[in-house]
Number of protein chains: 2
Amino acid sequence: MPTWEETLSQAGCRITEPRRAVMTVLAQAERSLVPQEIFALGIKLHATLSLVTVYRTLELFEELSLVRRVHQDDKCHGYLLTAAGHRHVLVCEGCGRAVEFPGQDDLVALIARVEECTGYQVEAHLLQLVGVCPHCQ
Amino acid sequence: MPTWEETLSQAGCRITEPRRAVMTVLAQAERSLVPQEIFALGIKLHATLSLVTVYRTLELFEELSLVRRVHQDDKCHGYLLTAAGHRHVLVCEGCGRAVEFPGQDDLVALIARVEECTGYQVEAHLLQLVGVCPHCQ
DNA sequence: TCCCTTATTGCAACTTATTTGCAATAATTA
DNA sequence: TAATTATTGCAAATAAGTTGCAATAAGGGA
């Protein structure tokens with residue numbers, strides 16, 4: 001598994017201080033963060049960081065699958081570092097802390113059935129769980 | 001199953017032209033619509049409809065579970081009329097057409113397993129499928 | 001049916017979120 | 001180290017959603 005720096009280089013992108021700051025913030029976060037939050041934390045690491053750059057960096061990172069967006073009922077668009085092999089997220093409604101879990105298999109049967117019933121061809125799925133984490137219980 | 005008018009009345013809310021327009025638009029839509037779209041269609045039914053009212057109406061309808069929000073990769077917050085008993089949506093990435101499907105059972109096992117692994121208490125889930133509908137294939 | 005109460009509406013202004021153009025800056029490659 | 005060009009940050013524009021408030025209209029009761 002390549003490092004994020006390698007992923008960036010291979011895509012012909014540069015490794016810069018702002019990007020490093022965003023990545024560090026996300027790596028240290030134990031919950032999903034919105035751009036504003038990433039900016040607020042990131043500026044401590046790179047004093048001239050701008051919010052615009054945070055947006056652009058997140059867009060790039062998402063294209064490269066380095067981060068993923070998580071959807072929440074109210075605020076869409078929290079960002080989370082992508083963990084290898086994991087595709088689903090469980091977000092705590094109390095503190096926003098997030099854990100990832102595998103769980104492809106359970107969906108395969110479901111998706112096959114839905115495809116048959118509806119005639120749709122299913123290309124992707126969005127599965128997120130919302131709950132209360134051990135800390136918040 | 002009560003009509004939406006009954007649901008509104010029982011909640012102490014009034015049945016107004018703007019609300020009727022929003023409901024009609026959603027009932028006739030075969031895909032999820034964003035507030036702007038609902039406004040554009042709704043103004044044909046009620047000439048003085050305003051976008052502000054659309055937002056407020058959608059908020060109310062969502063509280064009363066008359067409509068549901070659907071999330072999409074890019075644009076969050078499309079709205080869809082709630083069908084009874086159905087909790088999941090399959091959205092066509094071509095035209096936005098949406099169908100609903102049941103599918104609780106498959107998730108029960110998955111959720112139980114995730115709860116055990118993570119220590120989280122799962123309260124809700126967001127499952128949406130994205131695919132290509134028969135029309136668009 | 002008309003009146004009265006009060007929920008609802010629409011306007012205008014505001015806040016928040018996100019995007020874009022562009023000149024200055026800094027990362028890489030030779 | 002110099003040259004090339006991706007990237008940055010500013011400022012301004014755009015988009016999305018919210019709020020205060022006076023005017024309006026729904027619906028219960030006389």
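Just so it is clear, the structure is predicted and the values come from calculations on it, not from any experiment. Proteins get letters first, then strands, A, B, ... in listed order; numbering begins at 1 in each. Values below: every heavy atom of this structure, side chains too, minus hydrogens, waters and symmetry copies.
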B/Glu17 vs B/Arg20, test: salt bridge (charged side-chain N to carboxylate O under 4.0 Å, His left out). Steps then yes/no. CA-CA 5 Å; B/Glu17 280 307 303; B/Arg20 202 180 289 282; 3.7 Å; yes
CA sep, side-chain torsions, deciding dist, call: B/Arg69, B/Tyr79, side-chain hydrogen bond (donor to acceptor under 3.5 Å, both in side chains): CA-CA 5 Å; B/Arg69 260 186 201 174; B/Tyr79 288 84; 3.2 Å; yes
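Looking at every heavy atom in both residues, B/Pro134 comes nearest to A/Thr118 through CG-O, 3.7 Å. The nearest pair of heavy atoms linking A/Val34 to A/Gly78 is CG1-CA, 4.3 Å. Here the closest non-hydrogen pair linking B/His125 and B/His88 is NE2-NE2, 3.0 Å. Minimum heavy-atom separation, B/Ser32 to B/Glu37: O-OE1, 4.0 Å.
Between the A/Gln10 side chain and the A/Thr7 main chain, no donor and acceptor come within less than 3.5 Å of each other. Side chain of B/Thr57 to main chain of B/Thr53: a donor-acceptor pair is present (N/O by atom type, distance under 3.5 Å, no hydrogens or angles). With B/Glu123 contributing its side chain and A/Val132 its backbone, the two residues share no donor-acceptor pair below 3.5 Å.
One can place CD of A/Glu62 at 12 Å from P of C/dT18, the figure rounded to the nearest angstrom. Rounded to a whole Å, the CZ atom of A/Phe39 is 14 Å from the P atom of D/dT8. Remark: P of C/dT18 and NE2 of B/His77 are 11 Å apart, rounded to the nearest angstrom. Atom OH in A/Tyr55 sits about 15 Å away from atom P in D/dG9, given to the nearest Å. Look at CG on A/Leu60: it is 14 Å from P on C/dT19, rounded to the nearest Å. When rounded to the nearest whole Å, the span between CD of B/Glu59 and P of C/dT9 equals 12 Å. In this structure, A/Leu51 atom CG and C/dA17 atom P are separated by 9 Å, rounded to whole Å. Atom NE2 in B/His46 sits roughly 9 Å away from atom P in D/dA25 (whole-Å rounding).
Taken over five-pair windows at either terminus, the axes of the helix from C/dT1-D/dA30 to C/dA30-D/dT1 are inclined to one another by 40° (rounded to 10 degrees).
At a non-hydrogen distance threshold of 4.0 Å, B/Cys13, B/Arg14, B/Thr16, B/Pro18, B/Arg19 from residues 7-29 of chain B come into contact with DNA chain C.
At least one side-chain heavy atom of B/Leu41 sits less than 4.5 Å from a side-chain heavy atom of B/Leu33.
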Could you write out each protein N or O paired with an N or O of nucleotides 11-15 of chain C at a distance under 3.5 Å?
none

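Heavy-atom neighbours of A/Glu59 CD from other residues, nucleotides or ligands within 6.0 Å: at or below the threshold of 12.
Checking the phosphate oxygens (OP1, OP2) of C/dT16, no side-chain nitrogen or oxygen of A/Gln36 falls inside 4.0 Å.
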